[in-house]
Amino acid sequence: MVVKASDIDWNNLGFNYMQLPYRYLAYYRNGKWEKGELTEDPYLHLHEGSPILHYGQGAFEGLKAYRTKDGSVQLFRPDRNAKRLQNSADRLLMPEYPVEDFVNAVKEVVKANEDYVPPYGTGATLYIRPLLIGVGPNIGVKPADEYIFSIFVMPVGPYFKGGLVPTKFVVLDYDRAAHKGTGQSKVGGNYAASLLAGDWAHKHGYSDAIYLDPIEHKYIEEVGSANFFGITKDGKKFLTPKSPSILPSITKYSLLDLAKDRLGLETEETKISIDNLDEFSEAGACGTAAVISPIAGIKYGDNYHVFYSETEVGPITKKLYDELTGIQFGDVEAPKGWIVKVD
Ligand SMILES: *Cc1c(COP(=O)(O)O)cnc(C)c1O
């Protein structure tokens, strides 16, 4: 059932599915994308032979719409999500959805559900979930002939209700992606592979599992479904892992720019050894959903390494958070091209 905007408690939203009036739907048939449109039906009608169901031929994205102080609505770097979905599509032999059409479709679906973009000051946002999936009658292992591109949206709360609270993570003996597999692509298979480790972590009091590189199991790759960053003890460097099996986080690349241009830090994408956590005074996980989530500590074998503090966010992490969210909510001037207005 469609939820009424007037019934939503904006200050107590989590990250839960909520049915809104409109979603976007476009079909790829006979070798081309057909014109998409808004629909009210939250169900996709799929053929039983759809490759997404059997062989996981599908990719997704995640971005947000933000309400600014003056009441307008804006997106953060949606062209980057469009480009990344194209890269995921290339890896899984799916047709690319054009960047401009992606951004316009996002604007259209946000505009249609505008009453559900949470008020400025609540920290809540409208989460946007685009999907690209292979459908139609198939059974052999080969790419589909038909595809669906769809976008649904829902209001979500801030990741941290009571301010930035550090949480702890655990390194387990599971990989989420292979070295030359699909780690760089935002595809469901990587998430299916991570459910078991994530579940174990949650049940044992951790926020999520940390994944090490799949070859040596020595270098940090991902923190659950977010990227890792660390601030060196001298307070001068922002470091983040480099590997072909990491999902290129748009938040991470934005922080690399902000750390350098606005905070005057040196930045580098480099290998970060799990045995070398002592070099950092602060560490965090970053992504659209998590924004920046300070890491209290990491459990690895018998060791538990604490970074800045188990209860308080470090000063540089806090500065990065304020700068990034300031830009996203329109309070801080954005680097050129980062903000797209929904009008
Ligand atoms: C989406 C995602 C991220 C974060 O990317 P953003 O573009 O910052 O939202 C990080 N890791 C994984 C595995 C992801 O799927």
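This structure is a prediction, so every number in the text was calculated from the model and none was measured. Note that ligands are numbered from 1 as they come in the structure, with each ligand's atoms numbered from 1 the same way. The first residue of the sequence shown is numbered 1, and numbering continues consecutively from there.
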Visitor: Please answer whether the main-chain N or O of Thr288 pairs with a side-chain N or O of Lys64 as donor and acceptor at a distance below 3.5 Å.
Guide: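 Answer holds: yes.
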Visitor: Identify whether the distance between the nearest side-chain nitrogen and carboxylate oxygen of Glu114 and Lys111 falls below 4.0 Å.
Guide: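 Yes.
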Visitor: State, to 0.1 Å, how close Leu85 and Ala59 come at their nearest heavy-atom pair, and which atoms those are.
Guide: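 Between these two residues, the closest heavy atoms are CD1-CB, 3.9 Å.
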Visitor: Indicate the atoms forming the closest heavy-atom contact of Ala124 with Phe329, along with that distance.
Guide: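 Here Ala124 and Phe329 meet closest at O-CE2, 3.9 Å.
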Visitor: Might you list the protein residues in contact with ligand 1, defined as having a heavy atom under 4.0 Å from one of its atoms, sorted by chain and number?
Guide: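 Correct list: Arg84, Arg176, Lys186, Tyr191, Glu222, Ser225, Ala226, Asn227, Leu247, Ser249, Ile250, Thr251, Gly287, Thr288.
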Visitor: Does Leu172 sit in a hydrophobic cluster with other residues, and if so which ones, taking ILVMFWY side chains as linked at heavy-atom separations under 4.5 Å, directly or through other members?
Guide: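 Members besides Leu172, by chain and number: Val170, Tyr174, Leu196, Trp200, Tyr206.
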Visitor: Do Tyr147 and Gln57 get their side chains close enough for a donor-acceptor pair, meaning under 3.5 Å?
Guide: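 Distance-only check passes for Tyr147 and Gln57.
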